[in-house]
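Values below: every heavy atom of this structure, side chains too, minus hydrogens, waters and symmetry copies. None of the values given here were measured: they were computed from a predicted structure.
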Amino acid sequence: MNFRSLEEFWSFYVNQHSKASTRRWHFVGTLIAFFFLINAILFKWWFVFFVPVFGYGFAWYSHFFVEGNSPETFRHPLWSLLCDFKMFGLMLTGQMDKEIKRLGKRPVLQLVLI
């Protein structure tokens, strides 16, 4: 797919993250990646190697095993990263559900078996 703008890609990106647990896995991965980035800046430079491991690892896990699709990182790496940061910020401020509604997307409800 070819996208003409980041906003156009954002709509597609949100659709690819329809399950709440997919978004949560992304959030946790991004949070841990930020933790390692800060530690790399403040303490030991080699912590930077953990940034993509956790940032992408948690996100890719969620796509392959939760959402059932492939990560857009492979086709649109920069836009995917920017949208991940946008989704992280919206989740951090409690605005992601509002954004999903704004885009007219319906989150997929998940059945949790205990």
Nearest 0.5 angstrom please: [X] [atom1] to [Y] [atom2], how far?
X	Y	atom1	atom2	value
Asn15	Glu67	CG	CD	8.5 Å
Phe3	Phe12	CZ	CZ	4.5 Å
Leu42	Leu37	CG	CG	9.5 Å
Lys19	Trp25	NZ	CH2	14.0 Å
Tyr13	Leu103	OH	CG	13.0 Å
Ile38	Phe43	CD1	CZ	10.0 Å

Closest non-hydrogen atom pair between [X] and [Y], with its separation:
X	Y	answer
Glu8	Asn2	OE2-O, 3.7 Å
Ala40	Val48	CB-N, 3.5 Å
Ser70	Arg75	OG-NH2, 3.1 Å
His17	Arg23	O-NH1, 2.7 Å
Cys83	Phe9	SG-CD2, 3.5 Å
Thr22	His63	CG2-CE1, 4.5 Å

Would you indicate whether the side-chain heavy atoms of [Y] and [X] approach each other to under 4.5 Å?
X	Y	value
Leu92	Phe27	yes
Met91	Glu99	no
Val14	Met96	yes
Asp97	Ile100	yes

[Y] backbone acceptor or donor facing [X] side chain under 3.5 Å:
X	Y	answer
Asp84	Ser80	no
Ser62	Ala59	yes
Gln16	Pro71	no

Centres of the Phe34 and Phe88 rings: under 6.0 Å? yes
Can you label the angle between the Phe54 ring and the Phe50 ring as parallel, tilted or perpendicular, going by 30° and 60°? tilted
